[in-house]
Colleague: 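Below you will find the structure I want to go over with you.
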Amino acid sequence: MITPMKGIKETLRKEISNKLSISPSDVRFDIPPDLSMGDISLLSAFIIGKRESKDPKKLADDFACKLKVLPFTEEVSTKGPFINLKLNREEFFHYSQKTKRKIKVKPREGKNLIEHTNINPNKAAHVGHLRNAIIGDSFSRLLRIIGEQVEVHNYIDDTGVQVADVVYGLLKMRRLPPKKWEEIKEKFDHFCWDLYVEVEKRMENDPEAIQERYNILKALEKGKGEYGETGRRLSGKIASLHLETMERLGIEYDLLAWESHIISLGLWERAFSLLKQSGAIKLAENTPNKGCWVMKIEEAGKEREKVIVRSNGTATYVAKDIAYQMWKLGLQHEDFNYRIFKTYPSGRKLWTTDISDGKRDGFGHATRVYNVIDMRQGYLQRVVSEALRKLGYKKEADNSIHLGYEMVALSGKTARSMGFEAGGGTVSISGRKGIGIKADNLIDAVFKSAREEVKKRNPEIGEEKIEEIASKISSAAIRYYMLKFTNSSVVLFDIDDALSFEGESGPYIQYSLVRMKGIRRKMTERGIITEGKSKWLNNSDYWSLIHRASQLDDILQKTREKMEISILAKYLFSLAQSFNIFYQKYPIIKEKNLEERNLRLALMDIIESKLLIGSEILGIQIPEKM
RNA sequence: GCGGCUGUAGCUCAAUAGGAUAGAGCGUGGGAUUCCUAAUCCCAAGGUUGUGGGUUCAAUUCCCGCCAGCCGCACCA
């Protein structure tokens, strides 16, 4: 239940359950549709009435009588079965003022390991990858702001087929070994994007190429020879380019974890023996999977078999994932070495796993692991967690959390504008076919459009400053666009919508905050000084603003619980909107009445504090001017 | 075939654990700037919440059937 001011709600819950002699879980709050009815509504009469088959209206009246005196509360009334509380506005206002920067969500114990991005290091990142990284990054920011321990990992599959394919393309189709890569004029990952499409076409009907790919694949695991070396250079170079792309949107990581290191560490061997020992997997004898090690999975009352180890003895993708998930949760003995990969301008250090050199450090050993992966992987994620359960790690299985979201597809209009076939409907992104919008290109386009806008509005500002502002605006626009949809909704990526700086968008929130800054600046310029304390003046517009602002803590808690950043995004937009409406009606600097002016300023401060907390989580930076 | 998700305004999406009058943005039509930033604000039009039943004081929300769409169900990653 979202109600204003989390702290007050908890006090009320205790008090009410005492006075009515009902269980605290029967004390359920809501917000009345109109604040003239009350500020918080109490739904207990419904719940208890239903359970004890009593008339809820009578119960409500009865309860209301017993609740004459409550903390923070001025008036208790009923409307049918609803019990509505009116808070003492003056008291609430001062409380809000005092606590405007505090976050009252209880941080959970233990370390959260959040793994996101995980892009195959063989070609440029596209808008689908952006959704992943932005959701993962915002969720990390949320937990960190709440005060929890967070470690962000980016797993890099440098031994997979996708890398092998581009190695094939570079060496066999283009004759471009690493030392010739500087001849490539285009951005390297963009070059590989097109090359990958060509390779995929070749692989469709060239058995020799397919055989060669298999040889490359084997070489990648060892990391030796021309193939191994090229693969290492390729994935290293592209992973770095991905990091640069993400940095443009303010996304940073703590650790890069390389699949090749996981393999050479031998995590799978230990997991394999544990799985055999515990009986979690069995050697199939009669089924179609004869000769494979399989795990029985229960799905909708039916038993299915999932192959974990192939009949040729090699481990499948899920198998390696089980082993690695165990490492993340501290269930493996072996550990990597680590060294610093790069230092961000913020001073934050990005580490990388290594095996040959470096030192040991305390990565992993997480209490909770959030794997940010799209929903198509839901089945495999369940298999991983089920494997942990079968190994007896029940708690760890519960803490292996799939933060799933739907994929990004191109809207028909956008797909056609880029020259892709798009019947009437939408078009799925496909790296293989080269269908998609590259992340860099999107960022460039939004940036360019933002720069024009800033220039137009602020002709006096220098080029460098303009670019700084434009980059903040474009980043906010893209991030908000990717965060405003619920996880379960497929994002129909529309380039015009993504380019928009108006309406429900990141720049809208920035604009509101920039205006607030502007008001404060103007006041200083004009030498207008406000007295320390502001007095509460009753006005329902003022009140509804405070009421809305005070919901932030509940929103944060719910966002964490549901792992649904869109809840916070929507709330921040509506809060910014409330301020804009308020501001239109109630000027601040112009206001002659000192008490009114001071109060409006105080309200602005409260809204600003809440918006700043939220913007930090969404990864929206606030420019000086817009 | 089995399983999952989705179906809400012209379009893209919200709607808290079943709550009071289903809300935003875009688009459309009209309006607001001598005044703190018009990337803003105001007004209007726009809905049988896919469909048929059921549960109840109350259903967009829960249950069952049907229709439509998307996604999984590899000895691919």
Colleague: Name the nucleic acid region contacted by F573(A), choosing base, sugar-phosphate or nothing; use a 4.0 angstrom heavy-atom cut-off, strictly under.
Modeller: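 Sugar-phosphate, no base atom in range.
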Colleague: Could you tell me whether K320(A) contacts a base, only the sugar-phosphate backbone, or nothing, with contacts defined as non-hydrogen atoms closer than 4.0 Å?
Modeller: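 Nothing, no nucleic acid heavy atom in range.
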Colleague: Any idea which of U16(B), U12(B), A77(B) is nearest the F485(A) side chain?
Modeller: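 Nucleotide nearest to F485(A)'s side chain: U12(B).
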Colleague: Would you mind reading off the distance between L380(A) atom CG and G3(B) atom C1', rounded to a whole angstrom?
Modeller: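 About 14 Å, once rounded to whole Å.
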Colleague: Using the six-membered base ring of C73(B), report whether Y379(A) stacks on it, requiring centroids under 5.5 Å and planes under 30° apart.
Modeller: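 Ring-base stacking flag not set for Y379(A) and C73(B).
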Colleague: Can you tell me the distance, in whole Å, between the OH atom of Y571(A) and the C1' atom of G25(B)?
Modeller: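 To the nearest whole Å, that distance equals 19 Å.
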Colleague: Under 4.0 Å from OP1 or OP2 of C5(B): is there any side-chain N or O of R376(A) that close?
Modeller: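 So the side chain of R376(A) is outside the cut-off, no N or O lying under 4.0 Å from OP1 or OP2 of C5(B).
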Colleague: Measuring only the P atom in each nucleotide, how far is A59(B) from G72(B)? A whole number of Å is fine.
Modeller: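 Pairwise P distance, A59(B) against G72(B), rounds to 37 Å.
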Colleague: Please state the P separation for the pair G30(B) and G18(B) - nearest whole angstrom.
Modeller: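 Here G30(B) and G18(B) have their P atoms 45 Å from each other.
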Colleague: Are K484(A) and Y481(A) in a cation-pi contact, defined as NZ or CZ under 6.0 Å from the six-membered ring centre and within 45° of the axis?
Modeller: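 Because its charged atom misses either the 6.0 Å distance or the 45° angle limit, K484(A) does not stack over Y481(A).
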Colleague: Is there a Watson-Crick or G-U wobble partner for C73(B) with both distances under 3.5 Å, and if so, which one is it?
Modeller: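 When the pairing criteria are applied, G1(B) turns out to be the nucleotide that pairs with C73(B).
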Colleague: Are S489(A) and T486(A) linked by a side-chain donor-acceptor pair shorter than 3.5 Å?
Modeller: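 No.
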Colleague: With D605(A) as reference, evaluate R520(A), M516(A), R600(A) under the side chain to side chain contact (heavy atoms under 4.5 Å, CB included) test and give the passing residue.
Modeller: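 In the set R520(A), M516(A), R600(A), the residue that makes a side chain to side chain contact (heavy atoms under 4.5 Å, CB included) with D605(A) is R520(A).
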Colleague: Given that both distances must come in under 3.5 Å, which nucleotide forms a Watson-Crick or G-U wobble pair with A38(B)?
Modeller: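 Pair assignment: A38(B) / none.
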Colleague: Can you tell me if the side-chain N/O atoms of K306(A) get under 4.0 Å from OP1 or OP2 in C75(B)?
Modeller: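 It does not, given that no N or O in the side chain of K306(A) lies less than 4.0 Å from OP1 or OP2 of C75(B).
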Colleague: When you compare U61(B) with A22(B), how far apart are their C1' atoms, in angstrom units rounded to a whole number?
Modeller: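 Roughly 11 Å separates the two C1' atoms.
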Colleague: Among C36(B), U6(B), G25(B), which nucleotide has an atom closest to any side-chain atom of I589(A)?
Modeller: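 Per side-chain heavy atoms of I589(A), the pick is C36(B).
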Colleague: Map F46(A) and G291(A) onto RNA chain B by nearest heavy atom, then report which one ends up closer to the 5' terminus.
Modeller: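 Between the two, 5'-proximity favours F46(A).
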Colleague: For K522(A) and T316(A), find the nucleotide of RNA chain B closest to each by heavy atoms; which residue's nucleotide sits nearer the 5' end?
Modeller: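 Looking at the nearest nucleotide for each, K522(A) comes out on the 5' side.
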Colleague: Within the structure, does a side-chain N or O atom of Y508(A) lie under 4.0 Å from either OP1 or OP2 of C41(B)?
Modeller: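 Yes.
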Colleague: Do the side-chain N and O atoms of D61(A) and T78(A) include a donor-acceptor pair separated by under 3.5 angstrom?
Modeller: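 Yes - a donor-acceptor pair under 3.5 Å links their side chains.
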Colleague: Of the nucleotides G18(B), A17(B), U40(B), which one has an atom closest to the side chain of K562(A)?
Modeller: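 The closest nucleotide is A17(B).
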Colleague: Contact class for P56(A) vs. all strands (heavy atom < 4.0 Å): base, sugar-phosphate, or nothing?
Modeller: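 Nothing, no nucleic acid heavy atom in range.
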Colleague: By nearest atom, which of the nucleotides U37(B), A77(B), C41(B) is closest to the Y511(A) side chain?
Modeller: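 Minimum distance to the Y511(A) side chain belongs to U37(B).
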Colleague: Under a 3.5 Å limit for both distances, which nucleotide forms a Watson-Crick or G-U wobble pair with U51(B), could you say?
Modeller: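 Across any shown strand, U51(B) pairs with G65(B).
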Colleague: Find the distance L42(A):CG to U16(B):P and express it as a whole number of Å.
Modeller: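 L42(A) atom CG is separated from U16(B) atom P by 19 Å.
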Colleague: When you get a sec, tell me which of G19(B), A14(B), C75(B) is the closest nucleotide to the side chain of L43(A)?
Modeller: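 When the side chain of L43(A) is considered, G19(B) is the closest of G19(B), A14(B), C75(B).
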Colleague: In whole Å, what separates the P atom of A58(B) from that of A20(B)?
Modeller: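 The same atom, P, in both gives a distance of 14 Å.
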Colleague: Taking atom C1' of C13(B) as reference, at what distance in whole Å does atom OH of Y480(A) sit?
Modeller: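 Those two atoms, OH and C1', are 10 Å apart.
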Colleague: Compare the minimum distances between each of G19(B), G18(B), C73(B) and the side chain of D30(A), then state the nucleotide with the smallest one.
Modeller: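 Shortest atom-to-atom distance from the side chain points to G19(B).
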Colleague: Can you tell me how far P of A15(B) sits from CD1 of I555(A), to the nearest Å?
Modeller: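 It works out to 11 Å between those atoms.
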Colleague: Please measure how far the P atom in U34(B) lies from the corresponding atom in U51(B), and state the result in whole Å.
Modeller: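 Those two atoms are separated by 49 Å.
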Colleague: Report which part of the nucleic acid I588(A) touches: base, sugar-phosphate, or nothing (heavy-atom distance under 4.0 Å, all strands).
Modeller: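 Here I588(A) touches the bases of the nucleic acid.
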Colleague: Would you mind classifying the nucleic acid contact of V454(A) as base, sugar-phosphate or nothing, using non-hydrogen atoms under 4.0 angstrom?
Modeller: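 Base contact.
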Colleague: Find the distance I31(A):CD1 to A20(B):P and express it as a whole number of Å.
Modeller: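 I31(A) atom CD1 is separated from A20(B) atom P by 12 Å.
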Colleague: Does the base of A20(B) carry an N or O that pairs as donor and acceptor with the side chain of N84(A) under 3.5 Å?
Modeller: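 When only heavy-atom distances are counted, N84(A) does reach the base of A20(B) through a donor-acceptor pair under 3.5 Å.
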Colleague: Decide if the gap between the ring center of Y542(A) and the ring center of Y586(A) is smaller than 6.0 angstrom.
Modeller: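 Y542(A) vs Y586(A): aromatic centres under 6.0 Å.
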Colleague: How long is the line joining CD1 of I373(A) and P of C71(B), in whole Å?
Modeller: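 After rounding, the reported distance stands at 19 Å.
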Colleague: Within the pair Q577(A) and G25(B), is there a side-chain N or O less than 4.0 Å away from OP1 or OP2?
Modeller: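 Answer is yes, contact under 4.0 Å.
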Colleague: Any strand counts, and the cut-off is 3.5 Å on both contacts for Watson-Crick or G-U wobble. Which nucleotide pairs with C13(B)?
Modeller: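 C13(B) is paired with G23(B).
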Colleague: On the side chain of S41(A), is there an atom forming a donor-acceptor pair with the base of A20(B) - under 3.5 Å, no angle test?
Modeller: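 Such a pair exists between side chain and base.
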Colleague: Looking at G25(B), C13(B), A38(B), which one has an atom nearest to any side-chain atom of R515(A)?
Modeller: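 When the side chain of R515(A) is considered, A38(B) is the closest of G25(B), C13(B), A38(B).
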Colleague: Quick one: the side chain of S489(A) and the base of C13(B), do they pair up donor-acceptor inside 3.5 Å?
Modeller: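 Absent.
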Colleague: In whole Å, what separates the C1' atom of A14(B) from that of G47(B)?
Modeller: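 It works out to 15 Å between them.
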Colleague: U55(B) and C13(B): how far apart are their P atoms, nearest whole angstrom?
Modeller: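 Their P atoms lie roughly 35 Å apart.
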Colleague: Considering every strand shown, what is the Watson-Crick or G-U wobble mate of G18(B) when both distances are under 3.5 Å?
Modeller: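 No nucleotide pairs with G18(B).
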Colleague: Could you tell me whether the side chain of K590(A) has a donor or acceptor atom within less than 3.5 Å of a complementary atom in the base of C35(B)?
Modeller: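 Pair found.
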Colleague: Would you indicate what V514(A) reaches in the nucleic acid, counting non-hydrogen atoms under 4.0 angstrom: base, sugar-phosphate, or nothing?
Modeller: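 Answer is base: heavy atoms of V514(A) come under 4.0 Å of a base.
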Colleague: Given C36(B), C73(B), A77(B), identify the nucleotide with an atom nearest to the side chain of R304(A).
Modeller: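 Of C36(B), C73(B), A77(B), C73(B) is nearest to the side chain of R304(A).
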Colleague: Quick test of your reading of the model: are K433(A) and E200(A) salt-bridged, counting only N-O distances below 4.0 Å?
Modeller: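 Salt bridge between K433(A) and E200(A), a charged N being under 4.0 Å from a carboxylate O: no.
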Colleague: In whole Å, measure the gap between the C1' atoms of C41(B) and U56(B) for me.
Modeller: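 C41(B) and U56(B) have their C1' atoms separated by 43 Å.
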Colleague: For a quick check of understanding: with a heavy-atom distance under 4.0 Å over all strands, which category does K290(A) fall into, base, sugar-phosphate or nothing?
Modeller: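 The residue K290(A) makes base contact.
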Colleague: Which heavy-atom pair separates P121(A) from I156(A) by the least distance, and what is that distance?
Modeller: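 That closest heavy-atom pairing would be CG-CG2, 3.5 Å.
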Colleague: As a test of reading the structure: which of G25(B), A14(B), C36(B) is closest to the side chain of T486(A), going by heavy atoms?
Modeller: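 Of the candidates, A14(B) comes closest.
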Colleague: How about Y480(A) and Y508(A): are their ring centres within less than 6.0 Å of each other?
Modeller: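 Centroid separation for Y480(A) and Y508(A): 6.0 Å or greater.
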Colleague: Any base atoms under 4.0 Å from D497(A), or only sugar-phosphate, or nothing? Heavy atoms, all strands.
Modeller: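 No contact.
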Colleague: Quick one: does NZ or CZ of R304(A) land under 6.0 Å from the six-membered ring centre of Y379(A), within 45 degrees of the ring axis?
Modeller: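 Verdict for Y379(A): a cation-pi partner in R304(A).
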Colleague: Whole-Å distance between U40(B) P and Q584(A) CD?
Modeller: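 To the nearest whole Å, that distance equals 11 Å.
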Colleague: Check this for me: does any side-chain nitrogen of one of K522(A) and E525(A) sit under 4.0 Å from a carboxylate oxygen of the other?
Modeller: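 Between E525(A) and K522(A) there is no salt bridge, as every charged N stays at least 4.0 Å from the carboxylate O atoms.
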Colleague: Counting only side-chain heavy atoms from C-beta out, which of C36(B), A14(B), A20(B) sits nearest to K570(A)?
Modeller: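 Nearest to the side-chain atoms of K570(A), counting from C-beta on, is A14(B).
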Colleague: In Watson-Crick or G-U wobble terms, both distances under 3.5 Å, what is the partner of U56(B)?
Modeller: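 Because no pair has both required distances under 3.5 Å, U56(B) counts as unpaired.
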